[in-house]
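Index from 1, following the sequence. Hydrogens, waters and symmetry mates play no part in the numbers below; they use all other heavy atoms, side chains included.
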Amino acid sequence: MELTARAFWLDSPGHGEIREVALSAPAEGEVLVRTLYSGVSRGTESLVFRGGVPESQHASMRAPFQDGDFPAPVKYGYLSVGQVEEGPAGLLGRTVFCLYPHQTRYVVPASAVTVVPDAVPAARAVLAGTVETAVNALWDAAPLVGDRIAVVGGGMVGCSVAALLARFPGVRVQLVDADPARAGIARSLGVDFALPAEAAGECDLVVHASATEAGLGRALELLAREGTVLEMSWYGDRRVSLPLGEAFHSRRLVVRSSQVGSVSPAARPGRTYADRLALALELLAEPAFDALVTGECDFAELPGVMAKLASGSIPGLCHRVVYDGV
């Protein structure tokens with residue numbers, strides 16, 4: 001019997017559509033997954049939707065199960081939660097997370113799915129990829145007990161980092177964002193909030209995730225002597241300027257990058273991508289993460305919704321896609 005599914009494709013920059021796709025029956029060692037939810041990773045997927053991935057980054061920006069090539073046509077995405085309909089006995093019927101694009105059903109190697117813990121609702125598990133990014137960032141940053149920390153940029157990644165930092169003993173954590181509406185989200189996550197002009201300085205660590213030049217400049221201003229900015233923003237094809245004059249050298253400030261494509265070398269030896277993702281899913285047992293999901297739509301609505309997300313006309317953080325009855 002031929003298997004079919006429906007998938008969201010970027011047909012051309014700024015225009016998405018739902019296409020029917022053929023599936024092969026799962027072979028030994030593979031699983032057939034029926035999608036329950038997927039999540040839109042706003043920053044990256046908006047950049048892809050607008051056609052803003054630089055040619056030099058086409059290879060490194062490929063998602064694990066991407067079809068097509070940048071700028072388009074391309075099937076892109078990596079936050080999918082579903083139920084295993086066919087596959088090994090140990091996975092049959094289990095709820096799993098997979099780095100797969102927005103599609104109603106799909107066949108992947110069993111090794112590509114991670115079982116969602118019973119304590120984590122499937123609807124919340126779409127955040128696993130973002131929380132995994134935050135885990136990697138904190139392995140890179142290695143915050144210490146009692147550190148004074150700011151997170152500049154209250155998007156999905158910044159809020160995920162702030163939520164994890166809220167669990168560190170004795171730290172002062174402040175989420176900094178130009179949108180005062182993010183104050184409520186910060187409160188739900190258990191951290192303080194400040195507008196950029198009001199943020200507390202003398203920070204040992206600033207995690208920057210606003211993807212703006214102004215945000216990066218403010219992050220440097222908030223550092224104490226010998227402090228570090230951990231840069232998590234990805235600017236695509238945009239250039240940014242850094243204020244490396246004035247007191248940058250005399251205060252011995254540090255700017256370092258963090259990117260989820262590699263497991264942080266600061267992680268304990270032997271930690272794998274699978275270990276990191278499993279940890280992220282375990283951390284999602286915390287209900288506070290529900291604050292990061294700020295919108296929802298049916299799968300059939302995704303082409304129009306993606307255009308609005310990319311333009312900013314739909315505000316918020318993670319947008320969850322629902323596949324009920326699809």
Practice problem: Give a yes or no on whether R252 atom CZ has more than 12 heavy-atom contacts from other residues, nucleotides or ligands under 6.0 Å away. | Solution: no
Quiz item: Between T212 and G215, is there a donor-acceptor pair closer than 3.5 Å when you use the side chain of the first and the backbone of the second?
Solution: yes
Quiz item: So how far is it from L32 CG to Q83 CD, rounded to the nearest 0.5 Å?
Solution: 10.5 Å
Exercise. Measure up the F8 and H102 rings against each other and bin them: parallel (under 30°), tilted (30 to 60°), perpendicular (over 60°).
Key: perpendicular
Self-check item: Nearest non-hydrogen partners of L10 and P71, listed with the distance
Solution: CD2-O, 3.5 Å
Practice problem: Evaluate the side-chain proximity of V263 to Y273: yes if any heavy-atom separation is below 4.5 Å, no if none is. | Solution: yes
Quiz item: Going from SG on C159 to CG on L164, what distance comes out if it is rounded to the nearest 0.5 angstrom?
Solution: 11.5 Å
Quiz item: side chain to side chain contact (heavy atoms under 4.5 Å, CB included) between L283 and R167: does it pass, once the steps are laid out?
Solution: CA-CA 11 Å; L283 293 168; R167 303 174 178 207; 3.4 Å; yes
Quiz item: When rounded to the nearest 0.5 angstrom, what distance separates CG in L281 from OG1 in T95?
Solution: 11.0 Å
Exercise. Measure from the side-chain N and O atoms of R320 to the backbone N and O of A123, and report whether any donor-acceptor pair falls under 3.5 Å.
Key: yes
Quiz item: More than 12 foreign heavy atoms under 6.0 Å from CZ of R187: is that the case here?
Solution: no
Quiz item: Can you name the closest pair of heavy atoms from V107 and S24 and give their distance?
Solution: CG2-O, 3.3 Å
Quiz item: So, T294 side chain and L317 main chain: donor-acceptor pair closer than 3.5 Å or not?
Solution: yes
Quiz item: Would you call V255 and L253 a side-chain contact if the rule is heavy atoms closer than 4.5 Å?
Solution: no
Practice problem: Calculate, to the nearest 0.5 Å, the distance between atoms CG and CG belonging to D147 and D204 respectively. | Solution: 4.5 Å
Quiz prompt | Short side-chain to backbone donor-acceptor contact, Q57 and P54, under 3.5 Å | solution = no
Quiz item: Between T35 and Y106, is any side-chain donor less than 3.5 angstrom from a side-chain acceptor?
Solution: no
Practice problem: Using only heavy-atom distances, determine whether the side chains of T133 and N136 contain a donor-acceptor pair under 3.5 Å. | Solution: no
Quiz item: Can you check whether M156's main-chain N or O pairs, donor with acceptor, with R42's side chain at less than 3.5 Å?
Solution: no
Quiz item: At their closest point, which heavy atom of A122 faces which heavy atom of V81, and how far apart are they?
Solution: O-CG1, 3.7 Å
Quiz item: Side chains of R94 and V113: does their closest heavy-atom pair fall under 4.5 Å?
Solution: no
Self-check item: Gap between atom OG of S80 and atom CZ of F65 - 0.5 Å precision
Solution: 10.5 Å
Quiz item: With distance as the sole test, does S313 use its side chain to make a donor-acceptor pair with the main-chain N or O of K308 at under 3.5 Å?
Solution: yes
Quiz item: Hey, are H319 and E45 close enough side-chain-wise for a donor-acceptor pair under 3.5 Å?
Solution: no
Quiz item: Does R124 reach the main-chain N or O of L284 with its side chain, forming a donor-acceptor pair under 3.5 Å?
Solution: yes
Quiz item: Looking at side-chain heavy atoms only, is the closest gap between L79 and F97 below 4.5 Å?
Solution: yes
Quiz prompt | Euclidean distance, D192 CG relative to L175 CG, rounded to 0.5 Å | solution = 10.0 Å
Quiz item: So does E226 have more than 12 non-hydrogen atoms from other groups sitting under 6.0 Å from CD?
Solution: yes
Quiz item: Would a distance-only check, ignoring hydrogens and angles, find a side-chain to backbone donor-acceptor pair under 3.5 Å from R182 to A194?
Solution: no
Quiz item: Does the side chain of L309 reach to within under 4.5 Å of the side chain of F49, using non-hydrogen atoms?
Solution: no
Practice problem: Would you sort out whether Y37 and V293 count as a side chain to side chain contact (heavy atoms under 4.5 Å, CB included), showing the intermediate values? | Solution: CA-CA 12 Å; Y37 304 96; V293 179; over 6 Å; no
Self-check item: Joint cluster assignment, V260 & V131, ILVMFWY side-chain distance < 4.5 Å
Solution: no
Self-check item: Trace of the side chain to side chain contact (heavy atoms under 4.5 Å, CB included) decision for D275 with T272
Solution: CA-CA 5 Å; D275 294 332; T272 65; 3.1 Å; yes
Practice problem: State, to 0.1 Å, how close W234 and A211 come at their nearest heavy-atom pair, and which atoms those are. | Solution: O-CB, 4.4 Å
Practice problem: Would you indicate whether the side-chain heavy atoms of Y76 and M61 approach each other to under 4.5 Å? | Solution: yes
Self-check item: Heavy-atom closest contact (L99 atom, P64 atom, distance)
Solution: CB-CG, 3.8 Å
Quiz item: Same cluster for I149 and L223 if Ile/Leu/Val/Met/Phe/Trp/Tyr side chains link at under 4.5 Å?
Solution: no
Exercise. Would you tell me whether D140 and S264 have side-chain atoms, one donor and one acceptor, within less than 3.5 Å of each other?
Key: yes
Practice problem: Kindly say whether G43 contributes a backbone atom to a donor-acceptor pair with the side chain of S46 at under 3.5 angstrom? | Solution: no
Quiz prompt | Residue from Q103, K75, R19 passing side-chain hydrogen bond (donor to acceptor under 3.5 Å, both in side chains) with D67 | solution = K75
Quiz item: Do you know which two heavy atoms are closest between V126 and C318, and how far apart they sit?
Solution: CG2-SG, 4.4 Å
Quiz item: Cluster question for you: counting only ILVMFWY and a side-chain heavy-atom cut-off of under 4.5 Å, with indirect links fine, are M232 and V206 together?
Solution: no
Quiz item: With side chains defined as the heavy atoms from C-beta onward, is the minimum distance between F248 and P243 less than 4.5 Å?
Solution: no
Exercise. Report whether L36 and F289 are members of the same hydrophobic cluster (ILVMFWY, side-chain heavy atoms less than 4.5 Å apart, transitive linking).
Key: yes
Self-check item: same_hphob_cluster(V84, Y323) at 4.5 Å side-chain heavy-atom cutoff
Solution: no
Self-check item: Worked verdict on Y100 versus V33 for side chain to side chain contact (heavy atoms under 4.5 Å, CB included)
Solution: CA-CA 10 Å; Y100 205 88; V33 178; over 6 Å; no
Quiz item: Is the closest side-chain heavy-atom distance between S210 and V176 below 4.5 Å?
Solution: no
Exercise. Would you check if the side chain of R105 reaches a backbone N or O of A5 as a donor-acceptor pair within less than 3.5 Å?
Key: no
